[in-house]
Protein chains: 2
Amino acid sequence: MLDANRLRVLVEIAHAGSITGAAERLSFTAPAVSQQLAKLERELGCALVERGRGGARLTPAGRVLLDHGERVLGELRAAEAAVRAVQGEAPRRLSLGAFASAGKVLVPRALAEFGRAHPHVRLALSDVEPPDGYGLVTSGELDLLITHSYPGVPLPATTGLHRERLLVDPLLLVLPEGHPAAGTRPRLADLADEEWICGAPGISNRTALDSAARAEGVRLDVAYETRDYEVSLALIRAGVGVGLIPRSILRAASPGGWTAQPPGGDRPAREIYAVHRRRPYPPVPAMVAVLRTAAERVNG
Amino acid sequence: MLDANRLRVLVEIAHAGSITGAAERLSFTAPAVSQQLAKLERELGCALVERGRGGARLTPAGRVLLDHGERVLGELRAAEAAVRAVQGEAPRRLSLGAFASAGKVLVPRALAEFGRAHPHVRLALSDVEPPDGYGLVTSGELDLLITHSYPGVPLPATTGLHRERLLVDPLLLVLPEGHPAAGTRPRLADLADEEWICGAPGISNRTALDSAARAEGVRLDVAYETRDYEVSLALIRAGVGVGLIPRSILRAASPGGWTAQPPGGDRPAREIYAVHRRRPYPPVPAMVAVLRTAAERVNG
DNA sequence: CCCCGCAATGAAGCAGTACTTCACGATCAT
DNA sequence: ATGATCGTGAAGTACTGCTTCATTGCGGGG
């Protein structure tokens, strides 16, 4: 039977991206991690990690084992939590992962409200950008994940997890104030000559923009690559380009210098989800409930 | 974080019913098991096992941890199997648990047919009487469980497991040949003065018989307690009593000396299920398919 | 009633293992 | 080239987990 501690080592290697990094997270030294990994590979008879150039990447077999290893760790944490619960010890820590822009609008309100209702639960928040984070929930490192999906970007599978949609957040076309197209409901194709502001390739909103443009038969020129919508908005305000920005971001942003409208044609939206393990312990559904009402307020 | 090996110790204690028994299964000595259990209890700060005369029973906290521990072990086994599968190593062993009377009719046919189709898979069969066995599947000790339910006996929960009904097996009223009620379609209440043959209290078919009788407003007198339907049938043949026996058993039994008919009133039936983990590895669905066709043949 | 037998545990010893430190090879950027 | 970074081999140490032996506690049989 496999050793759970070795699986933990593998999981940390995967998350850290290097053996040295995993050692740091585990408060071990690098040789210790290297040895444990070597033993794991020896007893399975196959390579799990490709060592090379500035870090370590998992082999296909390693990815399979990572997936299961996260489940093992999750079950171990759940086992301990369950016994503590039987003893009447309420879990006093809830760790939440959220993508950055959720951390600016949705999450702060929810955290504040949750904190008032459950002052004895310590809250921890960490930045997790999609599509990461599902594994962190599976392994129990995160109790709750706030993630999103953009049109054209498939949602990750959620074996053993529960995913609930919190918010449908329309993407609005944002133009500099006084832009000739303002108020004309242009389609993306009508703005093919503009300089676009969006995330780098691989970032969800970029994938969504590219696929939407492809659907209209054009290719948009992304001149400014940033994943931070505040930066995007500042650039638009400066008149250097245009972009698609979620409505909830705009509502919280300082007005002036830009105008927003739904694009003509399809009405793209990002969707925001809460993800947690099945059979979560009590604070998690409570937090989800708070997030749900916070999301309704954002949407209303 | 809890130690998976200690959880394994707890699981074995639960299954063996004693520390000494668990030690035997684990190929350890009793003090080793005792020490591991003590450490587990110390780090959780609560008793998990009630030591007592003639063995050990789990406390409520212990049962909770048992449940989770089985999941942990199941995930560990699944992790190893998954990596082996990536390497192209087909699993060569399939362990099957079945209740005794399934082992007489349904399973042998299925095993034979499966063995012809998959000669490279070694098959292991063990006797498991309901309601045991679900935990063995969860922990991966069994790949497949053939279990049954009788009317009036609630089915166990199947968190993380998949359950498929293979067969609805009517329970026929079996009387000695020449019994005056033969052919009259008597209700159970009409036979309240007979000596009944059934399992002991706690055995599923006894629970079912008692609740069916209660529904008709009578109490039946069970004079001969055996869980083995062959024995029941022999007793009936000897003229000492009557009983309810599944049709599939009767079809395989030697005829003569008894007559069978559906009882008047409700038509009770036992249902036979196959239970396995979600995401089973390939031989399991194959075996289920074989069992399904074997069940149809039994039923036809 | 005493004694035996079984189950569990305490104590001491031993072995394997998992970590550390130290040293070295490989790869890449400066 | 050279320094930095990353990974690994080698040797040493500390710990943990198992074994053996001995003791306690409880229940049943003579």
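Protein chains get the first letters and strands the later ones, always in sequence-line order, with residue 1 at the start of each.
Within residues 5-20 of chain B, the residues that have a heavy atom under 4.0 Å from DNA chain C are, in order of number, B:Ser18, B:Ile19, B:Thr20.
For an aromatic pair to be called close, the ring centres must be under 6.0 Å apart, and A:Phe99 with A:His148 satisfies this.
Under the 3.5 Å distance criterion, with hydrogens and angles disregarded, no donor-acceptor pair is assigned to the side chains of A:Tyr281 and A:Arg84.
No salt bridge links A:Arg214 with A:Asp210; every basic N to acidic carboxylate O contact stays at or beyond 4.0 Å. A salt bridge is absent between B:Arg63 and B:Asp67: the closest approach of a Lys/Arg side-chain nitrogen to an acidic carboxylate oxygen does not fall below 4.0 angstrom. A:Arg51 has a carboxylate O that lies under 4.0 Å from a charged side-chain N of A:Glu41, or vice versa, which qualifies the two as a salt bridge.
Taking atom CD of B:Glu50 as the reference point, atom P of C:dT9 lies 13 Å away to the nearest angstrom. In this structure, CD of B:Glu43 is placed 11 Å from P of D:dT16, rounded to the nearest angstrom. Rounded to a whole Å, the CG atom of A:Asp3 is 14 Å from the C1' atom of C:dG16. Rounding to whole angstrom units, CD of residue A:Glu24 and C1' of C:dC19 are separated by 17 Å. Rounded to whole Å, the distance from CG on A:Leu40 to P on C:dT17 is 15 Å. Straight-line distance from the CZ atom of A:Arg57 to the P atom of C:dT27: 19 Å, rounded to whole Å. One atom, CG of A:Leu48, and another, C1' of D:dG7, lie 16 Å apart when rounded to the nearest Å. Whole-Å rounding puts the A:Leu37 CG to D:dC6 P distance at 16 Å.
One finds a side-chain N or O of B:Ser34 lying less than 4.0 angstrom from the OP1 or OP2 phosphate oxygen of C:dT9. OP1 or OP2 of C:dA7 has not a single side-chain nitrogen or oxygen of B:Arg51 nearer than 4.0 Å. Taking 4.0 angstrom as the limit, A:Lys39 places a side-chain polar atom (N or O) nearer than this to OP1 or OP2 of C:dA18.
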Worked verdict on B:Arg57 versus B:Glu50 for salt bridge (charged side-chain N to carboxylate O under 4.0 Å, His left out)
CA-CA 5 Å; B:Arg57 288 196 53 77; B:Glu50 277 177 20; over 6 Å; no
Which is it for B:Met1 and A:Asn5 under the side chain to side chain contact (heavy atoms under 4.5 Å, CB included) test, yes or no, and what are the steps along the way?
CA-CA 9 Å; B:Met1 183 113 75; A:Asn5 293 317; over 6 Å; no
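Remark: of the listed residues B:Leu125, B:Val137, B:Val275, B:Leu94, B:Val137 is the sole one forming a side chain to side chain contact (heavy atoms under 4.5 Å, CB included) with B:Leu142.
A:Ala38 comes within contact range of no nucleotide atom at all, as no heavy-atom separation falls under 4.0 Å.
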All N/O pairs under 3.5 Å across the protein-nucleotides 20-27 of chain D interface:
| residue | atom | partner | partner atom | Å |
| --- | --- | --- | --- | --- |
| D:dG27 | O4' | B:Arg53 | NE | 3.4 |

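Residues forming a side chain to side chain donor-acceptor pair (under 3.5 Å) with A:Glu12 (at least two apart in sequence, or on another chain): A:Arg25.
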